[in-house]
2 protein chains.
Amino acid sequence: MARSPTNSDAFAAIAEPRRRELLGALARGDGERDVSWLVADLGWPQPQVSKHLAVLRQVGLVTVARSGKRRMYSLNGLKLREVHDWVKTYERFWDHQLRRIKERAERVERRGREATDTDRQH
Amino acid sequence: MARSPTNSDAFAAIAEPRRRELLGALARGDGERDVSWLVADLGWPQPQVSKHLAVLRQVGLVTVARSGKRRMYSLNGLKLREVHDWVKTYERFWDHQLRRIKERAERVERRGREATDTDRQH
DNA sequence: TTGACATATTCCTATATCGTGATATGTTTC
DNA sequence: GAAACATATCACGATATAGGAATATGTCAA
């Protein structure tokens, strides 16, 4: 079997760095812009932008609305929230880690001071 | 060019559903377990577990420590936090969306009540 | 209708998977 | 040092990309 398709879910879709860039561009544009604006902003070939937008649309990370010959793409925050909610369940692991690192830094600093004091006494 | 390698960063690594499962198993095990425990917990073939762990290690999502013939794998929360921080910058987009949905729901409900009242008057 | 513009789709190729099964490496114990 | 155990790695096959170039589709304006 091969890799999971990029359009299988939001996680697979945002694995591609350029698609994260694309979401960033949409965010800069207040979350709602047409393709031409994105092409100008990113400086990529237009077909590439359209293709990446298609993947983002298939997983629901963006939505489209026709407006004359333009197509307005909008960020779908709720889909991004699914990613957020998943990763947030691991919050305690970086909290713990930060606490451990901080405590160790304090220990080291304390020891460092003591060592310096000892040196001074010589 | 092909897809970005799975070991290029945390986003690529967690695109694979089984690697998210694997992280979940580690979390169930207090964030630190050996391979045998993971194999038993997940019910996958051992080589598959080892290979997915290798990818997670390459991107820094887990760390290893030898302990006799065992190898203890630990979650690296700080790496998951990078994903969290990225997605969190989009928070305003789901906040906005939720507010809009809520407001629309209230409008619809209000209109619904008015329509019912009108019907009653007939 | 024709042309100009905006966007999507198709064809191509190189590449990096993922799962499976077999095997290699490394460690402990007797 | 041989056996038992824990873990990693290799070889292989099917597959789904991502980018580039060319082209198709759709819409407005004169």
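Just so it is clear, the structure is predicted and the values come from calculations on it, not from any experiment. Residue numbers begin at 1 in each chain, while the letters A, B, ... track the order of the sequences.
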Hey, is the side chain of A:Q48 pairing donor to acceptor with the base of D:dA18 inside 3.5 Å?
no
Which label fits B:W94 and A:H84: parallel for a plane angle under 30°, tilted from 30 to 60°, or perpendicular past 60°?
tilted
With heavy atoms under 4.0 Å as the rule, sort B:R66 into base, sugar-phosphate or nothing.
nothing
Heavy-atom pair of closest approach, residues B:V62 and B:L53:
CG2-O, 4.0 Å
When the distance from CG of B:L53 to C1' of C:dG19 is rounded to whole Å, what number comes out?
16 Å
Nearest to the side chain of B:R18 - C:dG19, C:dA8, D:dG19?
C:dG19
Atom-to-atom span, CH2 of A:W44 to C1' of D:dG19 - whole angstrom:
12 Å
Listed nucleotide nearest any side-chain atom of B:S50, set D:dA14, D:dA8, D:dA6
D:dA8
Whether the B:T6 and B:E16 side chains hold a donor-acceptor pair (N or O, under 3.5 Å, no angle test) is what I'd like checked.
no
Whole-Å distance between D:dG26 P and A:M72 CE?
21 Å
Give the rounded distance in Å between these two atoms: CG of A:L56 and C1' of C:dA8.
15 Å
Looking only at D:dT27, D:dA21, C:dT17, the nucleotide nearest the A:K69 side chain is D:dT27
Starting at the 5' end of DNA chain C and moving along, which residue's nearest nucleotide shows up first, A:V35 or B:R71?
A:V35
Which part of the nucleic acid does B:R19 contact within heavy-atom distance under 4.0 Å: base, sugar-phosphate only, or nothing?
sugar-phosphate
Of the nucleotides D:dA14, C:dT9, D:dA18, which has the atom closest to the A:E16 side chain?
D:dA18
Distance, rounded to the nearest Å, where A:Q58 contributes CD and C:dA8 contributes P
12 Å
From NE2 of B:H52 over to C1' of D:dT9, roughly how many Å is that when rounded to an integer?
15 Å
Under the salt bridge (Lys or Arg N to Asp or Glu O under 4.0 Å) rule, what do B:R28 and B:D41 come out as? Steps first, then yes or no, please.
CA-CA 10 Å; B:R28 273 197 299 282; B:D41 185 75; 2.6 Å; yes
A:R18 and A:H52: side-chain donor and acceptor closer than 3.5 Å?
no
Between D:dT7, C:dT15, C:dT20, which nucleotide has the shortest distance from any of its atoms to the side chain of B:R70?
D:dT7
Here's a test of your reading of the structure: between A:R3 and A:Y73, which maps to the more 5' nucleotide of DNA chain C?
A:Y73
Please report the distance, rounded to the nearest Å, between CG in A:D34 and P in C:dC5.
15 Å
Under 3.5 Å, is there an N or O donor on one side and an acceptor on the other linking the side chain of A:Q46 and the base of C:dA8?
yes
